[in-house]
Enquirer: 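One structure is given below, represented as structure tokens, and several questions about it will come after.
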2 protein chains.
Amino acid sequence: MDQVEIFKALSNKTRLQILNWLKDPALNFPEQPNADFENVGVCVGQIQIKAGLSQSTISEYLAILQRADLVSATRVGQWTYYKRNQEGIAQLSKIINSEL
Amino acid sequence: MDQVEIFKALSNKTRLQILNWLKDPALNFPEQPNADFENVGVCVGQIQIKAGLSQSTISEYLAILQRADLVSATRVGQWTYYKRNQEGIAQLSKIINSEL
DNA sequence: AATATATATCGGCTTTTCCCGATATACCAA
DNA sequence: TTGGTATATCGGGAAAAGCCGATATATATT
């Protein structure tokens with residue numbers, strides 16, 4: 001993954017908020033139905049409501065974060081659950097400390 | 001400084017390269033006249049030649065990096081020397097590790 | 001099969017970024 | 001003061017990002 005693409009993914013207030021919200025799903029998404037936060041994450045609809053942007057925009061933003069390896073997705077039935085990709089985030093940390 | 005602005009500053013290949021080049025000025029800018037790398041950094045002209053973009057573009061890019069606290073500038077005569085702002089970069093590291 | 005719900009993708013309008021050449025400003029030297 | 005060099009700023013055209021509504025796709029239910 002290109003470093004530039006990772007930083008672009010982080011160059012947006014809403015996307016930074018999403019990453020932050022996903023640090024504590026139980027706190028930030030109390031309305032989640034069938035909550036299985038730890039295993040799969042939070043579904044798109046809940047994130048969309050919280051962010052207050054359109055469904056298509058949030059879907060796109062999550063795809064951008066996923067392409068940057070900052071979140072991962074799991075499809076369960078008609079829902080897609082997103083959670084933080086701690087490996088990808090740790091790798092970013094490494095990039096900052098060594099390559100930047 | 002807004003986190004988003006820091007990441008925007010890093011969302012460009014040339015700006016990332018400049019930050020990298022400034023890690024070892026003696027290596028990357030052997031042509032620098034009156035080299036006083038450790039104290040003041042590298043002048044705009046040298047960076048411009050190395051980057052291969054226009055003078056105005058590089059001046060603008062350095063201003064963007066400076067606004068993000070990633071480099072600092074020192075004016076000496078008709079030259080402006082830029083070097084890495086290690087404090088700002090360290091603070092970014094902290095942001096990634098704690099707030100992201 | 002028909003309908004309903006969740007998400008992804010598409011087309012498009014608006015704003016921002018990229019990068020340039022031209023010009024302005026700052027400093028130096030004669 | 002005049003001219004030369006280094007950098008900053010301005011104006012703008014092209015490309016990308018932000019964000020939307022409409023539509024397509026996938027899955028579930030009846």
Enquirer: Applying salt bridge (Lys or Arg N to Asp or Glu O under 4.0 Å), name anything that partners A:K8, two or more places apart in sequence or on another chain.
Expert: A:E5
Enquirer: Does A:T57 reach a base, just sugar-phosphate, or nothing at all? Heavy atoms under 4.0 Å.
Expert: base
Enquirer: With a cut-off of less than 4.0 Å, is there a side-chain N or O of A:T14 near OP1 or OP2 of D:dG18?
Expert: no
Enquirer: Check whether any side-chain N or O of B:R15 sits under 4.0 Å from OP1 or OP2 of C:dC18, and answer yes or no.
Expert: yes
Enquirer: If you assign each of B:S59 and A:V76 to its closest nucleotide in DNA chain D, which residue comes earlier from the 5' end?
Expert: B:S59
Enquirer: Just to be sure I understand the rule, does B:S11 reach a base, reach only the sugar-phosphate, or reach nothing, if contact means heavy atoms closer than 4.0 Å?
Expert: sugar-phosphate
Enquirer: Would you mind reading off the distance between A:Y81 atom OH and C:dA6 atom P, rounded to a whole angstrom?
Expert: 10 Å
Enquirer: Return the value, rounded to whole Å, for the distance between atom CD1 of A:I47 and atom P of C:dA6.
Expert: 14 Å
Enquirer: Looking at A:L27, A:N28, A:L16, which hits side chain to side chain contact (heavy atoms under 4.5 Å, CB included) with A:W21?
Expert: A:N28
Enquirer: Write down the distance between CD (B:Q55) and P (C:dT23), rounded to a whole number of angstrom.
Expert: 15 Å
Enquirer: Whole angstroms only, please: what is the CD-P distance between A:Q66 and C:dT9?
Expert: 10 Å
Enquirer: Starting at atom CZ of B:R75, determine the distance to atom P of C:dC28, rounded to an integer number of angstrom.
Expert: 9 Å
Enquirer: Need to verify one output field. Residue with the more 5' nearest nucleotide on DNA chain C, A:A63 or A:K8?
Expert: A:A63
Enquirer: Side-chain N or O of B:Y61 less than 4.0 angstrom from OP1 or OP2 on D:dT7?
Expert: no
Enquirer: Taking atom P of C:dT17 as reference, at what distance in whole Å does atom CG of B:L10 sit?
Expert: 14 Å
Enquirer: Using 0.5 Å steps for rounding, measure from the CZ atom of A:R84 to the CG atom of A:D24.
Expert: 10.5 Å
Enquirer: Using a distance-only test with no angle check, is there a side-chain donor-acceptor pair under 3.5 angstrom linking A:N97 and B:S93?
Expert: yes
Enquirer: Can you tell me the distance, in whole Å, between the NZ atom of B:K13 and the C1' atom of C:dC19?
Expert: 15 Å
Enquirer: Quick check for you: among C:dT17, D:dG21, C:dA6, whose closest atom lies nearest to any side-chain atom of A:W79?
Expert: C:dA6
Enquirer: Quick one: is A:Y82 getting a side-chain N or O under 4.0 Å of the C:dA8 phosphate, OP1 or OP2?
Expert: yes
Enquirer: Among B:T14, B:L65, B:N85, find the residue that satisfies the side chain to side chain contact (heavy atoms under 4.5 Å, CB included) test when tested with B:L19.
Expert: B:L65
Enquirer: Starting from C1' on C:dT7, measure out to CG on A:L62 and report it in whole angstrom.
Expert: 10 Å
Enquirer: Return no unless some side-chain N or O of B:N12 is found under 4.0 Å from OP1 or OP2 of C:dT17.
Expert: no
Enquirer: With respect to the side chain of B:Q78, which nucleotide from C:dA6, C:dC27, C:dT7 is positioned closest?
Expert: C:dC27
Enquirer: Which residue lies toward the 5' end of DNA chain D, B:S56 or A:G77, if each is placed at its nearest nucleotide?
Expert: B:S56
